[in-house]
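Just so you know, these numbers come straight off a predicted model, no measurement behind them.
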Amino acid sequence: MDQIKVVVAGASGKMGSEALRMIKKHSDLSLVACIDLHHKGKRVNEIDGLPDFDAIFYDDINQCLAEVEADVLIDLTSPKVGYKHTKAALLNNVRPVVGTTGFTTEQLDELTALAKEKQIGAVIAPNFAMGAVLMMQFAKMAAKYFPDVEIIEKHHDQKLDAPSGTAVKTAELIQQERQAKQQGHPNEHETLDGARGADFDGMKIHSVRLPGLVAHQEVIFGGPGENLTIKHDSFHRESFMSGIKFAIDHVMDLSELVYGLEYLMLD
């Protein structure tokens, strides 16, 4: 089988460098270039702490995709850059696999339409940890029977968006199974603004940001005399790599954009 030629955006970051190590472990994948604001013109094997690849760093995706033949772009950057990279990949007939969160609805609609027009696969996932995907699906199932729910998501203190894409995706899935309702006492009053968290369709989402955390989420359901808690913890960024590899394998056979790994896992 021919190797899948991969470009990694955000390659010198913590998630990106983990993706490079994942590629190194799989003989069916070939790293052909990296995109990063740092290290332009250098080779991966010249950077301390990165695997022994000969691929070159670019700082511009359009130049990269004009000069390098690629099948898949793994993007692990930021929402603003990730949107630009995903759009550029589709325009260049390269399949994006995107772990960046924070896209707007308008951006997702535009990228979905572009993928459909180009008849090319794309995967955007708020979370590539397979356990997290199952956690979201279990929460959706539970919401049918436990409409009172709150979400607590905890991440490292360098995460830019709050709430996390996983928390928002979880709330959207729960919304599909439950009638909107205002939870808590009708006369509830915050003595400190924000104490009750963000409001999504009547359910509350709380974001914690602390050093030492990676990615953690609890979905807590309440009913008469009982609670149900569905929890997932990622203790190391390696937990996301099996989902990224799974998405790479599947995106080669897609002709549309898929938002959420669950649509591939539970197909």
Side-chain angles (χ1 to χ4, degrees), residues 9-10 15 61 72-92 94-129 132-133 135-137 139-141 143-144 147 149-153 155 159-183 194 196-207 209 215 217 219 240 243-244 247 250-251 254-267:
M15 279 286 286
I61 189 168
V72 170
L73 168 74
I74 300 175
D75 187 89
L76 302 165
T77 57
S78 64
K80 183 177 179 181
V81 178
Y83 163 71
K84 173 186 172 184
H85 286 175
T86 304
K87 186 174 180 179
L90 291 170
L91 290 171
N92 284 275
V94 175
R95 295 164 171 82
V97 171
V98 184
T100 304
T101 61
F103 290 112
T104 66
T105 301
E106 292 75 18
Q107 288 173 336
L108 287 172
D109 288 345
E110 180 187 0
L111 295 171
T112 298
L114 181 57
K116 185 176 181 180
E117 175 190 334
K118 300 282 286 186
Q119 289 289 290
I120 189 169
V123 177
I124 299 176
N127 198 318
F128 275 108
V133 174
M135 174 266 296
M136 288 186 273
Q137 292 300 310
K140 179 182 178 182
M141 293 169 59
K144 183 176 180 180
V149 55
E150 301 207 5
I151 299 170
I152 303 172
E153 58 94 352
H155 285 79
K159 185 171 177 60
L160 297 178
D161 55 323
S164 68
T166 299
V168 173
K169 179 69 173 180
T170 304
E172 290 171 347
L173 291 171
I174 290 171
Q175 184 183 41
Q176 295 174 16
E177 296 295 330
R178 115 200 223 283
Q179 294 292 322
K181 61 177 296 186
Q182 197 62 42
Q183 298 179 182
R196 289 289 292 119
D199 188 286
F200 184 100
D201 202 41
M203 69 186 95
K204 299 295 185 179
I205 304 177
H206 310 267
S207 295
R209 298 289 178 267
Q217 182 167 294
V219 188
F240 305 109
I244 290 177
H250 283 74
V251 78
L254 295 175
S255 58
E256 61 183 349
L257 186 149
V258 172
Y259 180 67
L261 198 62
E262 66 272 16
Y263 296 106
L264 302 179
M265 289 177 62
L266 306 175
D267 186 16

Please assess Asn127 against Lys169 for the test side-chain contact (heavy atoms from CB on, under 4.5 Å), listing each intermediate value before the final yes or no.
CA-CA 9 Å; Asn127 198 318; Lys169 179 69 173 180; over 6 Å; no
Is there a side-chain contact between Lys204 and Ile151 (heavy atoms, below 4.5 Å)?
no
Decide if atom NZ of Lys80 counts as having more than 12 heavy atoms of other residues, nucleotides or ligands within a radius under 6.0 Å.
no
Do Met203 and Glu150 make a side-chain contact, defined as non-hydrogen atoms from C-beta onward lying under 4.5 Å apart?
no
Answer yes or no: is there a side-chain heavy-atom contact under 4.5 Å between Val219 and Ile174?
yes
Find out whether Gln107 and Lys87 are in side-chain contact, i.e. whether some heavy atom of one side chain is under 4.5 Å from a heavy atom of the other.
no
CD of Glu110 to CG of Leu257, rounded to nearest 0.5 Å, is 11.5 Å
Would you say that more than 12 heavy atoms from the other residues, nucleotides or ligands in this model lie under 6.0 Å from the CD of Gln179, or not?
no
Please say whether more than 12 non-hydrogen atoms of neighbouring residues, nucleotides or ligands are located less than 6.0 Å from NZ in Lys84.
no
Ignoring hydrogens, what is the shortest heavy-atom contact between Pro79 and Phe103? Give both atom names and the distance.
O-CE2, 3.9 Å
Would you call Arg178 and Asp201 a side-chain contact if the rule is heavy atoms closer than 4.5 Å?
yes
Walk me through it: do Leu76 and Ile244 pass the test side-chain contact (heavy atoms from CB on, under 4.5 Å)?
CA-CA 11 Å; Leu76 302 165; Ile244 290 177; 4.3 Å; yes
What's the separation between atom CZ in Arg196 and atom NE2 in His206, rounded to the nearest 0.5 Å?
5.0 Å
How far does NE2 of His155 sit from OG of Ser164, to the nearest 0.5 angstrom?
4.5 Å
As a quick check of understanding, evaluate side-chain contact (heavy atoms from CB on, under 4.5 Å) for Asp199 and Gln182, giving each step before the final call.
CA-CA 9 Å; Asp199 188 286; Gln182 197 62 42; 3.5 Å; yes
Looking only at non-hydrogen atoms, find the nearest pair between Phe128 and Ala247 and report the distance.
CE2-CB, 3.7 Å
One should read off an interatomic distance between Asn92 CG and Ile61 CD1, to the nearest 0.5 angstrom, of 7.5 Å
Among Glu153, Gln175, Gln217, Gln137, the one residue meeting side chain to side chain donor-acceptor pair (under 3.5 Å) with Thr170:
Gln217
Whether Thr100 side chain and Thr77 backbone form a donor-acceptor pair below 3.5 Å
yes
Side chains of Leu90 and Pro96: closer than 4.5 Å at any heavy-atom pair?
yes
Rounding to 0.5 Å, atoms CG (Leu108) and OH (Tyr83) come to a distance of 10.0 Å
Of all heavy-atom pairs between Pro163 and Ile205, which one has the smallest distance, and what is that distance?
CB-CG2, 3.6 Å
Interatomic distance, Leu160 atom CG to Arg209 atom CZ [nearest 0.5 angstrom]
9.5 Å
Beyond-backbone contact of Pro126 with Tyr259, side-chain heavy atoms, under 4.5 angstrom:
yes
Taking all heavy atoms of His85 and all of Leu73, pick out the closest pair and write down the distance.
O-CD2, 3.7 Å
Side-chain heavy atoms of Leu264 within contact of Leu254, under 4.5 Å
yes
Please assess Leu114 against Lys118 for the test side-chain contact (heavy atoms from CB on, under 4.5 Å), listing each intermediate value before the final yes or no.
CA-CA 6 Å; Leu114 181 57; Lys118 300 282 286 186; 3.9 Å; yes
